[in-house]
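Input: a single structure, listed below in structure tokens.
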Amino acid sequence: MMLSGDWSEEKGTRRTAGGCNMKIGLLAPTRGFPMNEQERNLRIAESLHRDSAWQGRTFQRGDFVALLGGEIVAVEKTADDAIAALRSRDPDPDRGMVIEVTSPVVDVIRGTR
Amino acid sequence: MPVATFVSLDDCEVIEVDFITLAGEAQRRRLLVDSGFTGSSSLVLGEDDGGLIRAKLDSAQATGALQGEQKRAWVTWRVPGLGLQRTSIAILADLEPLSLPEGVRGMVGLTFLRNFAKWGAEQSVEGWRFFVHHGTD
């Protein structure tokens with residue numbers, strides 16, 4: 001299903017485990033250019049991180065979800081299995097993504113010198 | 001308990017890691033050890049190491065020596081001689097801001113280190129060495 005949208009609606013603020021405030025937006029259907037595959041995948045990823053759900057389907061925290069072409073193509077218990085499922089459908093590492101169903105976490109890299 | 005050791009550099013600890021590509025090749029990288037690097041990502045690799053990735057993830061926020069939204073990918077790695085292989089999240093970034101020593105092509109952080117039963121550094125007559133122990137599970 002092709003969706004058109006933009007980052008037009010802010011859905012609030014989430015405080016991450018790292019203590020940072022992250023604004024959560026949602027791609028809303030609006031008139032405009034259709035989403036590309038990357039945007040569709042990211043829309044699903046955002047929903048998985050925020051709600052552990054997508055289009056009425058719920059997932060467990062810690063599930064690994066493979067996305068390709070804006071659709072969920074596999075749900076597995078390990079990253080390796082989700083990656084294998086994704087790559088069996090498309091061997092190009094630049095296509096699709098594997099998302100872990102978790103809340104967003106800010107990486108802290110304190111510097112080395 | 002299997003153990004791997006790596007000669008320390010003058011001012012930092014390093015580890016050598018083999019990355020297993022989708023083609024099944026092992027590519028070795030020397031990485032700086034920094035337990036102050038925390039979060040869901042285990043490693044930082046250079047943007048020019050995209051050939052090591054097995055799948056992409058959505059980008060995520062970082063703070064500190066790297067700021068803002070960072071590209072991320074899944075990589076599969078093993079420590080030579082240790083019998084341990086894992087798939088973890090790596091940030092792919094411009095390494096310039098990290099001022100890494102020559103020959104060091106990225107970093108590993110606390111999430112990476114917690115794959116091991118024990119890790120640390122010890123002094124011997126030959127100098128300092130960083131070590132990791134793999135559990136017997």
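Letters go in sequence order (proteins before strands), and every chain restarts at 1. Side chains included, hydrogens not; waters and symmetry mates left out as well; all remaining heavy atoms used. These numbers come from a predicted model, not from an experiment.
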- Does any non-hydrogen side-chain atom of B/Asp58 lie less than 4.5 Å from one of A/His49? yes
- Query: Do B/Val17 and B/Leu82 share a hydrophobic cluster (ILVMFWY, side-chain heavy atoms under 4.5 Å, transitive)?
  - Reply: yes
- Message: With chain B as the partner, which of A/Ala45, A/Pro93, A/Pro91 has the greatest number of non-hydrogen pairs under 4.5 Å?
- Response: A/Pro93
- Would the number of heavy atoms belonging to other residues, nucleotides or ligands and lying under 6.0 Å from NZ of A/Lys77 be above 12? yes
- Measure distances from B/Thr111 to the heavy atoms of chain A and classify the residue's part below 4.5 Å as side chain, backbone, both or neither. neither
- Query: What part of B/Leu110 gets closer than 4.5 Å to chain A, counting heavy atoms only: side chain, backbone, both or neither?
  - Reply: neither
- Does the side chain of A/Ile83 come within less than 4.5 Å of B/Thr76's, by heavy atoms? no
- A/Ile109 vs B/Leu98 side-chain heavy atoms within contact, under 4.5 Å: yes
- Query: Counting only heavy atoms not in A/Gln60, do more than 12 fall under 6.0 Å of its CD?
  - Reply: no
- Item | Nearest-0.5 Å distance that lies between atom CG in B/Leu57 and atom CG in A/Leu67 | 10.0 Å
- Task: Mind listing the closest non-hydrogen atom pair of B/Ala55 and A/Leu86 along with its distance?
- Result: CB-CD2, 4.1 Å
- Side chain, backbone, both or neither: which part of A/Asp92 has a non-hydrogen atom closer than 4.5 Å to chain B? neither
- Heavy-atom distances under 4.5 Å only: say whether B/Ile53 touches chain A with side chain, backbone, both or neither. both
- Query: Is there a chain of hydrophobic side chains (I, L, V, M, F, W, Y, each step under 4.5 Å between heavy atoms) that links A/Leu68 to A/Met97?
  - Reply: no
- Task: Find out if a path of hydrophobic residues (ILVMFWY) with successive side-chain heavy-atom gaps under 4.5 Å connects B/Val104 to B/Trp77.
- Result: no
- Locate the shortest heavy-atom distance separating A/Ala79 from B/Thr87; write the atom from each residue and the value. CB-CG2, 4.3 Å
- Task: Say whether A/Val105 and B/Leu43 are linked into one hydrophobic cluster, either directly or through other cluster members, by side-chain heavy-atom distances under 4.5 angstrom.
- Result: no
- Query: From A/Asp107 CG over to B/Arg72 CZ, what is the distance, rounded to the nearest 0.5 angstrom?
  - Reply: 7.0 Å
- Evaluate the side-chain proximity of A/Arg110 to B/Thr38: yes if any heavy-atom separation is below 4.5 Å, no if none is. yes
- Message: Let me check something: do A/Ile44 and A/Val73 share a hydrophobic cluster, defined by ILVMFWY side-chain heavy atoms less than 4.5 Å apart, either directly or through other members?
- Response: no
- Message: Minimum heavy-atom separation for B/Leu22 and A/Arg87, please, with both atom names.
- Response: CD1-CD, 3.7 Å
